[in-house]
Amino acid sequence: MPKIDPVASHQLGRRGFLVSAATVGSMALLGTRLVYLQGLDPTGRAASSLAERQRTVTIPALRGEILDVNGHVLARTVQRYNITVDQTAVQDFERSVTLADGSPGKETVTAVQALYDLADILEMSDSDVKDALDGNSHYYIVKDNVTPDVYNRISRLNIPFIYGEVISDRLYPDGSVGGSVVGRYSMIEEPVEGSDETQMVNYSVGIERVFEEQLRGSDGSRTYEIGADGIRIPVGEERVQQSVNGQSVRLTINQDIQYFAQQVIKARVEALDAEWGSAVVMNVRDGSLIALADSSMMDPGAEIHDQADMIPRAISQAVEPGSTEKLLTSAAVIEQGIADPLTIFNVPAELEIDGQIITDAFVHGPEKRTFNGIIADSMNTGTVLAGRQLTPEQRHDWLKKFGMGEYTGVELTGESQGLVADWQEWDIRQQYTVLFGQGVAQTPLQTCMIFQALGNQGVRLKPRIVDAIINPDGTETVPEVEEGLRVVSPETAAECLTLMENVVEHSVTGDAKVAGYRVGGKTGTAEAPAKDKPGYDGYTTSFIGLAPIEDPQYLVGITLQRPQGAVTSIGASAQFSQLMEKVLHTYNVPHSTTEPNLLPKFEEDQEKDA
């Protein structure tokens, strides 16, 4: 160590004294200024200064899951982090610690020690972490796509030059299975008109959109202090408001039945070269939808989507229902005492009424038919003979009682309300064709609700697709099943079930039957309006049925749009049978133990039975 010159030492000591004295004076003035600023500052300069040193980052909430009725995950968010570094700020630092006696303290951490800590948590080599920390970049990824647990461990190190960048991905594990029901989560940044600012716009569909408020949760925040160099001060004040994860939504959809229904309807559409097909499966007792299947459905995780596949066609496509509507007419004429299943009608070969000719799908001569025989063979002529005894206004009122022309209220986006014109606007022919499902437009789900009501002893329910809302702590909120609307008496409903059973039992092919169960249902065929020109172009065919018919529990509805070749409803009945059998077996419904209630179709048969 070099010797210090005494004079220089004396001078140094004197300069030191003077400097010290000056410093003390300056500190006194500074202290007085600080007292003013922090304690007496009427303008809030201290608070303003603190605010300028603070930065707030969002702690995003984890979006809730969408589950099937058995808890199978249909949509989930995976949250991950990129661990990043500001290489220009890598240096030794101080951080707050809790001492052995429990009091707060500080410790100095070297950049090398921080490197070792990072390498241990990230399971990286020391050399790889060193390479990531060395450089002149303000943003460099040390490791990408780490779990929240790893990020939290790194965050607790309080390394001022290390950051966590939130990344998340909405995953749909089953792809297109139930895809248009689950929907797709899509928030897109768009410019605000007339401004340089942007805003996030929700383009989600399906359950993802309807239950956005429940699924999204509440973001939290972390506020910390930064120095003049923009680097976080590890010993500075930090406030954390924890995020609240979103609630999960459990659907009434059964993933297994949904998958099976999609396969069945897809195969049939391909076999008949149809435009599209849909299948509805429902519990008639509580209105819960077990499956809403289309021949083609959106895969929410795919980059490109066909617009037509984004909403279940059972709620988006309004079509003429055809002869499935005859069950609505049957319920009306039975309820009002006009006919019962054994009432005899003199049915002509063709019916001329108000200058209009009504014909049937098959050739026949004049016949004395029971009302049961009229419905069993789906006769337009006989249906009009019975239904014309209702006034046009009554016919319109009965359509409305069963919910036609109204939204069903199912918890999904994109539902069509169909079309039922005011009865005063009906032309001469339409006032009769509405009795057998032409001149009105309904979604497949709306038409299914006619059968739901009849299977539920005359009480129409609101279709439901949400089974429960599940909080992050696992507690559940189960929506109450809304009280239904009685549209017909239990006795009328029971007689309509008998008509449905006779449709199946008298069928030539027997395709709709399910081994071991009594089944009832109704066929439907209607002309499909042409897309690009006036008139019609092809057919809409359908079959809707219930089982077991003696105590209905489940409904299955099949609809095919513009099938080629098999243009009659027989083209859908076999698929009804396949799907209904799957449902009954899945839910372990006991086999029927009673015989079908067969009724005569003709007056002479009735006389023989008598």
Taking all non-hydrogen atoms of both residues, which atom of Ile357 and which atom of Arg429 are closest, and how far apart?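 In terms of heavy atoms, the two residues are closest at O-NH1, 3.1 Å.
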Residues forming a side-chain hydrogen bond (donor to acceptor under 3.5 Å, both in side chains) with Gln214, sequence neighbours excluded: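 Partners of Gln214 by the side-chain hydrogen bond (donor to acceptor under 3.5 Å, both in side chains) criterion come out as none, since no residue qualifies.
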For the residue pair [Y] / [X], report whether a side-chain donor-acceptor contact shorter than 3.5 Å exists.
| X | Y | result |
| --- | --- | --- |
| Thr559 | Ser542 | no |
| Asn202 | Tyr185 | no |
| Gln564 | Tyr539 | no |
| Asp360 | Thr381 | yes |
| Ser288 | Asp286 | yes |
| Gln336 | Trp398 | yes |
| Ser204 | Arg184 | no |
| Glu320 | Thr540 | no |
| Tyr259 | Asp174 | no |
| Thr383 | Asn380 | no |
| Gln356 | Glu352 | no |

Starting at [atom1] of [X], measure out to [atom2] of [Y] and round the result to the nearest 0.5 Å.
| X | Y | atom1 | atom2 | answer |
| --- | --- | --- | --- | --- |
| Ile558 | Met580 | CD1 | CE | 9.5 Å |
| Arg285 | Tyr554 | CZ | OH | 8.0 Å |
| Ile374 | Glu367 | CD1 | CD | 9.5 Å |

Side chain proximity check, [X] to [Y], heavy atoms < 4.5 angstrom:
| X | Y | answer |
| --- | --- | --- |
| Gln442 | Glu325 | yes |
| Gln575 | Ile265 | no |
| Gln258 | Gln262 | yes |
| Thr370 | Glu603 | no |
| Arg268 | Leu272 | yes |
| Asp306 | Met298 | no |

Q: Applying salt bridge (charged side-chain N to carboxylate O under 4.0 Å, His left out), name anything that partners Glu406, two or more places apart in sequence or on another chain.
A: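 Only Lys400 meet the salt bridge (charged side-chain N to carboxylate O under 4.0 Å, His left out) criterion with Glu406.
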- Item | Criterion side chain to side chain contact (heavy atoms under 4.5 Å, CB included) on Ile66 and Leu251, from CA distance to verdict | CA-CA 7 Å; Ile66 300 175; Leu251 306 180; 3.9 Å; yes
Ring pair (Phe, Tyr, Trp, His ring centres under 6.0 Å) partners for Phe371, two or more places apart:
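Phe371 satisfies ring pair (Phe, Tyr, Trp, His ring centres under 6.0 Å) with no residue once adjacent residues are dropped.
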**OP:** Check the pair Glu415, Thr408 against side chain to side chain donor-acceptor pair (under 3.5 Å), reporting the backbone distance first and the verdict last.
**Re:** CA-CA 8 Å; Glu415 183 181 16; Thr408 68; 2.6 Å; yes
inquiry  = Can you tell me how the ring of His591 sits relative to the ring of Tyr517, calling it parallel under 30°, perpendicular over 60° and tilted otherwise?
reply    =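 Because their plane-to-plane angle is over 60°, the rings of His591 and Tyr517 count as perpendicular.
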